[in-house]
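Beneath this line is the structure, given in structure tokens, with notes to follow.
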Amino acid sequence: MPGLKDATAIVGIGQTEFAKQLTASEKELACRAILAALDDAGIDPSEVDGFASYTMEETDEVEVAKAVGVGDLTFFSKVGFGGGGSCATVGHLASAIATGQASVGVAWRSRKRGSGPRPWKNTTVQLPTPAQWTRPFGLLRPADEIGMLARRYMHEYGATRDHLFNVALACRNRANQNPAAMMHERPLTRDMYMNARWISEPLCLFDNCLETDGALACVIVSAERARDCRRKPVYVHSAAQGLPAQHHGMVNYWNDDPLTGPAWTAARHLWKQADFGPEDVDVAQIYDAFTPLIPLSLEGYGFCGRGEGAAFTEGGALESGGRLPINTGGGGLSEAYVHGFNLINEGVKQLRGTSTAQVPNASTCLVTAGEGVPTSALLLRS
């Protein structure tokens, strides 16, 4: 969208504590995060007129609006596909504000995944048409489906568990620097990783994201208004969503190539609208529900060629000071798993210069949503 580039900015971020189990309801957690984000921006709740969240969000606009005390809402939307929707919530609000449908937008995600039920336990919704080809044969959980993609990737391109460990270690090392991370004081070693129990082979315990209770939110306004807000603005330079032809969630059975996922579709649109390319990205927050999603996303977003994502992780490339520092708050693997929203907030922290694992002079950041499902992405700049 030609009118979207740098037309809006994220001016406030907020989050609750993260834990395996919190006593507050999802609604209360959402309200806490939203109020914290508005306070961070220096904007009164009564000025909010735009909302965006996920279709999987249990809280709704009506109840949140009343509880927080917002004014008349003139724009509200929900984005589907769980982790694939994170960046799209910001993109929807940026579009609404750039076109005059709203002036102050709030996006959020509140989740009690740590203490709540597993989504796949609801057997009454287990067999929509695509799932009839997977779930009767044992692919019940996302970990099982991504495990299939990981095995295919290992077979075709020679990726190994050491490459997946590189991803898990980079995220854990950054979480060890972040006091808010669930894994803050829990280092990870190669021996721990290699001897961990299987979740869905070839994915072990440390290849899987955390189970987290918590909430996060951010506030988006026009670039003009952002100059008068309390915090340094972080501009939404480009936003994109991606749903490839003949997509089949996670396993991509009907695609010509199962390893060419939604990231490739989103990336084409994302870079087409941008003034810079992958080589100009200072830091990346790449959706990491599972470690194999990182090499697949590195390829999809153009940081390396097909089949080169695993090798890209070698030599500390993903660590602080490496070729592409990633997930500098710890990501879904080691900070918290709230369907990727913590990656958005961490991107803002990096470009403000306030991250606990700050990349020196970072001015550009890629944030991605879930690979393997219809997805979305953001390019942020300071």
Side-chain angles (χ1 to χ4, degrees), residues 1-11 50 52 54 75 77 79-81 83-103 105 107 218-227 232-245 247 260-287 293 296-306 324 326 340-341 343-348 350-352 362-371 373-382:
M1 291 166 285
L4 183 60
K5 186 187 300 178
D6 300 330
T8 63
I10 299 173
V11 294
Y54 301 55
F75 178 87
S77 72
V79 183
F81 305 103
S86 58
C87 295
T89 63
V90 175
H92 283 203
L93 287 173
S95 298
I97 291 167
T99 55
Q101 297 178 73
S103 57
C218 69
V219 180
I220 300 99
V221 300
S222 69
E224 181 178 7
R225 176 161 186 176
R227 291 191 286 268
K232 176 183 178 182
V234 171
Y235 296 96
V236 180
H237 183 69
S238 181
Q241 291 180 262
L243 170 54
H247 177 70
T260 302
W264 293 77
T265 302
R268 284 192 291 271
H269 185 66
L270 188 77
W271 297 120
K272 181 175 65 177
Q273 306 299 329
D275 290 340
F276 55 89
E279 67 280 2
D280 303 308
V281 171
D282 296 322
V283 59
Q285 315 297 333
I286 300 178
Y287 193 89
L293 301 185
L296 290 173
S297 296
L298 290 170
E299 296 174 19
Y301 286 97
F303 294 99
C304 56
R306 275 304 303 273
L324 183 69
I326 67 161
F341 212 104
L343 299 175
I344 298 171
N345 283 16
E346 177 62 22
V348 173
Q350 278 289 340
L351 300 190
R352 286 180 174 180
S363 63
T364 56
C365 179
L366 169 71
V367 186
T368 75
E371 171 62 332
V373 295
T375 194
S376 53
L378 295 170
L379 288 175
L380 305 177
R381 74 162 189 85
S382 59

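Just so you know, residue 1 is the first one in the sequence shown, and it goes up from there.
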With a 4.5 Å heavy-atom cut-off, do V90 and C218 have their side chains touching? yes
Quick one: pull up CG in D282 and CG in L366 and give me the separation to the nearest 0.5 Å. 11.5 Å
Distance from W264 atom CH2 to T375 atom OG1, nearest 0.5 Å? 14.5 Å
Aromatic ring proximity, centroids under 6.0 angstrom, H92 and F75: no
Distance alone, cut at 3.5 Å: any donor-acceptor contact between the side chains of T99 and Q101? yes
Could you go step by step and tell me if L270 and Y301 meet the side chain to side chain contact (heavy atoms under 4.5 Å, CB included) rule? CA-CA 9 Å; L270 188 77; Y301 286 97; 4.3 Å; yes
Hey, what do you get for OG (S86) to CG (L378), rounding to the nearest 0.5 Å? 7.5 Å
Under a 4.5 Å cut-off applied to non-hydrogen side-chain atoms, are V236 and D6 in contact? no
Quick one: closest heavy-atom pair of G105 and L93, and the distance? C-CD1, 3.8 Å
Step by step, work out the side chain to side chain contact (heavy atoms under 4.5 Å, CB included) result for H237 and Q273. CA-CA 8 Å; H237 183 69; Q273 306 299 329; over 6 Å; no
Would you check if R352 and V234 make a side-chain contact, meaning some heavy-atom pair closer than 4.5 Å? yes
A98 and G3: which non-hydrogen atoms are nearest, and at how many Å? CB-O, 3.9 Å
Can you check whether H269 reaches Q241 side chain to side chain, under 4.5 Å on heavy atoms? no
Heavy-atom closest pair, residues A94 and T8: CB-OG1, 3.3 Å
Looking at every heavy atom in both V373 and F81, which two are closest together, and how far apart are they? CG2-O, 3.9 Å
Can you classify the ring geometry of F341 versus Y54 as parallel (below 30°), tilted (30 to 60°) or perpendicular (above 60°)? tilted
Sub-4.5 Å side-chain heavy-atom contact between Y287 and V367: no
Given 3.5 Å as the limit, does a donor-acceptor pair link the side chain of S376 with the main chain of G84, or not? yes
Check whether any side-chain heavy atom of L324 sits under 4.5 Å from a side-chain heavy atom of L298, and report yes or no. yes
Within a strict 4.5 Å, meaning less than it, do heavy atoms of the S382 and K232 side chains meet? yes
Close side-chain approach of R268 to T265, heavy-atom, < 4.5 Å: yes
Restricting to non-hydrogen atoms, name the atom on L243 and the atom on P374 that form the minimum distance, rounded to 0.1 Å. CD1-CG, 3.6 Å
Under the side chain to side chain contact (heavy atoms under 4.5 Å, CB included) rule, what do L380 and I10 come out as? Steps first, then yes or no, please. CA-CA 9 Å; L380 305 177; I10 299 173; 4.3 Å; yes
Indicate whether the side chain of T260 and that of R306 have a donor and an acceptor atom separated by less than 3.5 Å. yes
How long is the gap from CD on E279 to OG1 on T364, to the nearest 0.5 Å? 10.0 Å
To the nearest 0.5 Å, tell me how far I326 CD1 sits from C365 SG. 11.5 Å
Value for CG (D275) from CG (D280), rounded to nearest 0.5 Å, stands at 10.0 Å
All heavy atoms of E371 vs all of L296, minimum pair found to be CG-CB, 4.4 Å
